[in-house]
Amino acid sequence: MSARALRTSRVRLFAAATITLATLTLTACGQGGGVQDEGAAAVSSSARDAAEKGGGSTERGSGSTDSGSTGAGSGSGAARADQAKSSGSGSSASSGSSASSGSKGSSGSSNSSDPWDPENRVECTAGNTKVKATEVTRPVNHLLITVTNAGDDYCDLLTPFYPIARFGEAQSVPPVVEESKPQAVVTLAPGESGYAGVLLSAADGSGGDGYTTDELTVGFGDGSSASVALPGDGVYVDSSLAVTYWQSDLADALQW
């Protein structure tokens with residue numbers, strides 16, 4: 001073989017080897033690219049799964065957080081409820097204190113020296129009083145009726161607020177002097193006295209139907225009555241006979 005033919009053969013072999021090597025290289029590159037694509041796909045799929053799992057975890061976590069918040073809210077609600085209950089108990093205790101105050105008030109109202117406490121006041125009757133009659137010198141022809149509280153409680157001289165005085169066998173009782181009406185009901189403490197004046201007869205002798213009697217009955221609003229002794233041999237009465245309302249002061253009873 002000539003040198004030229006040998007060179008030509010070598011060139012062809014080198015070219016063929018070069019082409020074969022290039023082909024192999026391209027094939028290897030193609031296979032590597034495919035592996036890389038699969039890897040990328042796998043990574044992408046794993047990432048997506050992880051993201052989905054992560055999202056699910058996040059949602060579950062969010063749900064847990066919500067539950068936690070709900071729990072906390074419930075806890076706060078329970079705390080507020082407990083606090084409200086505590087406050088309610090405090091209010092009840094305060095009410096108890098008020099009740100205690102009421103008890104103190106009741107204790108205070110039971111003070112026997114308080115004449116305005118209804119629990120300590122009763123009606124004056126023939127059973128809880130003593131009545132006496134005294135003839136006075138001034139004004140003339142007048143009699144003083146004194147009623148004294150003989151009981152343990154305060155008593156009121158109630159309706160008709162004046163003594164129902166009946167002298168002897170009289171069929172009627174004397175009228176009351178309206179001008180003598182006091183501003184308030186007369187209340188007697190234990191041992192205290194009230195007074196009423198009686199005009200027995202006209203000082204100028206102008207009264208008619210006069211008579212002398214030694215009997216006097218004094219009636220009270222509850223229907224009870226007391227027999228009262230008259231001074232001396234009795235008193236003279238005529239058609240001028242009149243009584244005053246019960247008074248707290250003796251002088252007020254003798255003004256009419």
Side-chain angles (χ1 to χ4, degrees), residues 115-116 118 120-256:
W116 306 114
N120 294 333
R121 293 165 62 182
V122 297
E123 183 175 358
C124 296
T125 67
N128 59 15
T129 62
K130 292 181 178 180
V131 185
K132 70 177 182 178
T134 307
E135 192 170 12
V136 296
T137 57
R138 294 184 64 86
V140 295
N141 300 339
H142 274 68
L143 189 73
L144 177 68
I145 298 177
T146 302
V147 56
T148 303
N149 184 354
D152 296 326
D153 300 316
Y154 282 73
C155 74
D156 296 325
L157 290 165
L158 300 178
T159 304
F161 310 108
Y162 58 84
I164 304 171
R166 190 182 300 277
F167 288 86
E169 299 297 327
Q171 298 300 310
S172 61
V173 296
V176 65
V177 179
E178 289 296 337
E179 292 83 354
S180 66
K181 190 172 184 177
Q183 295 294 322
V185 174
V186 176
T187 299
L188 303 179
E192 190 175 19
S193 297
Y195 310 92
V198 182
L199 171 62
L200 297 172
S201 59
D204 59 2
S206 60
D209 301 325
Y211 63 94
T212 300
T213 181
D214 59 0
E215 296 178 357
L216 171 62
T217 300
V218 175
F220 293 84
D222 70 330
S224 63
S225 61
S227 295
V228 182
L230 290 173
D233 295 330
V235 294
Y236 177 82
V237 298
D238 64 18
S239 58
S240 301
L241 187 64
V243 300
T244 68
Y245 282 97
W246 290 115
Q247 308 291 330
S248 298
D249 187 81
L250 185 152
D252 292 338
L254 296 177
Q255 286 186 0
W256 293 273

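One finds the CG atom of L158 at 12.0 Å from the CH2 atom of W246 (value rounded to the nearest 0.5 Å). Interatomic distance, S225 OG to R166 CZ, rounded to the nearest 0.5 Å: 9.0 Å. The OG atom of S180 lies 9.5 Å from the CG atom of D252; values are rounded to the nearest 0.5 Å. Rounding to the nearest 0.5 Å places CD of E123 at 8.5 Å from CG of N128. Separating the OG atom in S193 from the CD atom in Q247 is a distance of 14.0 Å, to the nearest 0.5 Å.
The shortest non-hydrogen separation linking P190 to G151 is CB-O, 3.4 Å. Minimum heavy-atom separation, P174 to A165: CD-O, 2.8 Å. Listed here is the closest heavy atom pair of A133 and A229: CB-O, 4.1 Å. L199 and S240 get closest at one heavy-atom pair: CD2-O, 3.6 Å.
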For residues 208-223, dump all side-chain donor-acceptor pairs below 3.5 Å to protein atoms at least two apart in sequence or in another chain.
unit_1, atom_1, unit_2, atom_2, d
Y211, OH, F167, O, 3.2
T213, OG1, G168, N, 3.4
T213, OG1, E215, N, 3.1
D222, OD1, S224, N, 3.0
D222, OD1, S224, OG, 2.7
D222, OD2, S224, OG, 3.3

Could you list the donor-acceptor pairs under 3.5 angstrom formed by side chains in residues 136-145, with sequence neighbours left out?
unit_1, atom_1, unit_2, atom_2, d
H142, ND1, V140, O, 2.8
H142, NE2, W256, O, 2.5

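Side chain of T244 to backbone of G197: a donor-acceptor contact under 3.5 angstrom is found. One N or O on the side chain of N149 and one on the backbone of D153 form a donor-acceptor pair closer than 3.5 Å.
Side chains of Y245 and E178: a donor-acceptor N/O pair is present below 3.5 angstrom, by distance only.
No side-chain heavy atom of V243 sits less than 4.5 Å from a side-chain heavy atom of V177. Taking 4.5 Å as the limit, every side-chain heavy atom of Y154 sits out of range of all side-chain heavy atoms of D156. Here the side chains of L200 and L241 are in contact, with some heavy-atom distance below 4.5 Å. Counting heavy atoms from C-beta outward, S201 and V237 have side chains that stay 4.5 Å or more apart.
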Next on the checklist: If you apply the rule side chain to side chain contact (heavy atoms under 4.5 Å, CB included), what do you find for E192 with T148, and how did you get there?
Outcome noted: CA-CA 6 Å; E192 190 175 19; T148 303; over 6 Å; no
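Residue D204 qualifies as enclosed at atom CG: its count of foreign heavy atoms under 6.0 Å is above 12.
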